[in-house]
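Below, all heavy atoms of this structure are taken into account, side chains as well, without hydrogens, waters or symmetry copies.
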Amino acid sequence: MTDAASLPCSDACPAEVHLGDCLDVLDRIATPAEGFRLVYLDPPFNTGRTHRASNGRFEDTWPDIPAYLEWLRLRVSRAIDCMHEDGVILLHCDWRTCHHLRLMLDDLLGPERFVNHLIWQYGLGGSSPRRFARKHDDILFYARSDGYCFEPPRVEATSERLRGQFKKATDVLDVPAINNMASERVGWPTQKPLALLELLIGACCPPDGAVLDPCCGSGTTLVAARRLGRASVGIDRSEQAVAIARQRLADIAPASGDGTPVMA
């Protein structure tokens with residue numbers, strides 16, 4: 001397998017997938033002249049498990065929290081270096097380290113650069129007789145300056161009074177996780193739903209901006225970016241993940257002229 005590949009697409013939304021550790025890859029690839037407008041980073045969560053699937057596996061364990069935070073800080077810092085002066089970073093995490101990562105981003109960017117603590121609420125997963133069921137992930141939203149892009153996404157209203165209408169999304173994103181029978185499922189253990197990434201990219205990256213995903217896994221961020229007509233770069237250490245991402249991108253057509261996602 002080659003180290004990197006660009007997938008055929010219109011000049012307006014080229015896509016690249018690179019194999020390797022983002023800390024190394026970002027030092028040797030070309031980045032947009034003015035930097036990435038959006039960095040979406042969904043790193044391993046330090047679950048202490050080996051994630052397995054029919055087409056791949058990866059270790060998600062560190063000796064302790066400080067070791068994990070040191071590993072992640074280096075990569076977050078390098079990704080921030082590649083951001084546009086008005087760029088945004090969305091750091092996807094969970095209950096294990098969210099509080100640590102909020103402080104990390106405060107340190108790297110400044111607490112005044114905090115925009116939102118997003119909650120991705122989903123329904124899948126188990127329950128426990130010893131605690132409230134854990135049914136959400138956290139997404140920390142920081143901007144490099146006050147000039148960041150934000151186009152408020154609109155979601156379907158749930159109240160009877162507004163039934164059939166749309167309203168601006170809140171900081172609680174109610175997007176279903178991918179179930180085992182979903183047509184978009186590709187078998188990667190930590191795959192995120194396209195609906196979630198399309199919402200985030202549409203809100204935080206202008207149409208002429210580029211998206212970076214330093215831990216792209218099966219490529220959902222890149223697929224969402226292509227469907228929305230944004231350029232993208234993804235990086236992952238897993239050959240299986242990179243192969244899946246490249247195949248998914250090869251099957252996606254760019255957005256139509258009005259920005260509507262189009263499937264090939």
Side-chain angles (χ1 to χ4, degrees), residues 1 17-25 39-76 78-79 89-105 117-140 173 175-182 184-197 200 213-223 234-245 247-248:
M1 179 181 292
V17 188
H18 296 265
L19 175 64
D21 187 320
C22 62
L23 194 61
D24 302 320
V25 173
V39 173
Y40 170 78
L41 183 52
D42 179 18
F45 285 0
N46 192 26
T47 62
R49 302 198 307 266
T50 297
H51 292 285
R52 292 183 174 86
S54 58
N55 51 17
R57 54 175 281 174
F58 67 88
E59 300 292 336
D60 184 14
T61 183
W62 275 258
D64 51 35
I65 292 291
Y68 171 75
L69 294 176
E70 180 181 5
W71 176 88
L72 186 55
R73 183 187 179 96
L74 289 171
R75 287 150 184 84
V76 171
R78 186 67 186 89
I89 184 168
L90 300 174
L91 180 54
H92 197 133
C93 50
D94 74 357
W95 59 271
R96 295 172 181 84
T97 56
C98 179
H99 48 303
H100 295 291
L101 301 188
R102 174 85 181 260
L103 293 174
M104 174 193 295
L105 289 170
H117 184 151
L118 301 174
I119 300 297
W120 171 37
Q121 175 178 285
Y122 46 78
L124 294 181
S127 60
S128 168
R130 300 283 294 168
R131 61 176 182 264
F132 293 100
R134 292 170 177 149
K135 300 291 184 180
H136 81 272
D137 283 359
D138 304 87
I139 302 172
L140 302 175
L173 308 177
V175 178
I178 303 173
N179 65 56
N180 289 331
M181 301 303 292
E184 70 179 88
R185 178 172 286 281
V186 297
W188 190 248
T190 57
Q191 182 184 353
K192 302 301 186 294
L194 268 171
L196 176 65
L197 271 300
L200 296 172
D213 188 339
C215 299
C216 71
S218 62
T220 299
T221 303
L222 313 181
V223 171
I235 305 167
D236 204 274
R237 297 184 300 176
S238 165
E239 289 192 6
Q240 295 96 331
V242 168
I244 294 169
Q247 185 57 56
R248 293 179 75 191

Please report the shortest heavy-atom distance between [X] and [Y], naming the atom on each side.
{"X": "T221", "Y": "L197", "answer": "OG1-CD1, 3.4 Å"}
{"X": "P44", "Y": "Y68", "answer": "O-OH, 2.5 Å"}
{"X": "I235", "Y": "G20", "answer": "CG2-O, 3.3 Å"}
{"X": "R248", "Y": "L194", "answer": "NH2-CG, 4.3 Å"}
{"X": "R75", "Y": "C22", "answer": "CG-SG, 3.5 Å"}
{"X": "S218", "Y": "V186", "answer": "CB-CG2, 3.8 Å"}

*Assess whether side-chain contact (heavy atoms from CB on, under 4.5 Å) is satisfied between L69 and M104, documenting all intermediate values.*
CA-CA 9 Å; L69 294 176; M104 174 193 295; 4.3 Å; yes

*Stepwise, does the side-chain contact (heavy atoms from CB on, under 4.5 Å) test hold for Y122 with V175?*
CA-CA 6 Å; Y122 46 78; V175 178; over 6 Å; no

To the nearest 0.5 angstrom, please state how far the [atom1] atom of [X] sits from the [atom2] atom of [Y].
{"X": "I89", "Y": "I139", "atom1": "CD1", "atom2": "CD1", "answer": "12.0 Å"}
{"X": "H136", "Y": "L118", "atom1": "NE2", "atom2": "CG", "answer": "11.0 Å"}
{"X": "T61", "Y": "R49", "atom1": "OG1", "atom2": "CZ", "answer": "10.5 Å"}
{"X": "E184", "Y": "I178", "atom1": "CD", "atom2": "CD1", "answer": "4.0 Å"}
{"X": "H117", "Y": "L91", "atom1": "NE2", "atom2": "CG", "answer": "10.0 Å"}
{"X": "I119", "Y": "C98", "atom1": "CD1", "atom2": "SG", "answer": "7.0 Å"}

*Under 3.5 Å donor-acceptor, D60 side chain and N46 backbone*: yes

*Output yes when a side-chain donor or acceptor of T97 lies under 3.5 Å from a complementary backbone atom of H100, and no otherwise.*
no

Within a strict 4.5 Å, meaning less than it, do heavy atoms of the [X] and [Y] side chains meet?
{"X": "P214", "Y": "V39", "result": "yes"}
{"X": "Q121", "Y": "L173", "result": "no"}
{"X": "R78", "Y": "V76", "result": "no"}
{"X": "T220", "Y": "W188", "result": "no"}
{"X": "L90", "Y": "L41", "result": "no"}
{"X": "K192", "Y": "D137", "result": "yes"}
{"X": "T47", "Y": "R96", "result": "yes"}
{"X": "R185", "Y": "N179", "result": "no"}

*Would you please name every residue forming a side chain to side chain donor-acceptor pair (under 3.5 Å) with D24, sequence neighbours left out?*
none

*Quick one: do R102 and D138 make a salt bridge, cutoff under 4.0 Å?*
no

*Is the centre of the H92 ring less than 6.0 Å from the centre of the W120 ring?*
yes

*Full working for side-chain contact (heavy atoms from CB on, under 4.5 Å) between C93 and L101*: CA-CA 8 Å; C93 50; L101 301 188; 3.7 Å; yes

*Consider only side-chain N and O atoms of S127 and R134, and report whether a donor and an acceptor are under 3.5 Å apart.*
no

*Show the numbers, then the answer: is there a side-chain contact (heavy atoms from CB on, under 4.5 Å) between L222 and V17?*
CA-CA 9 Å; L222 313 181; V17 188; 3.8 Å; yes

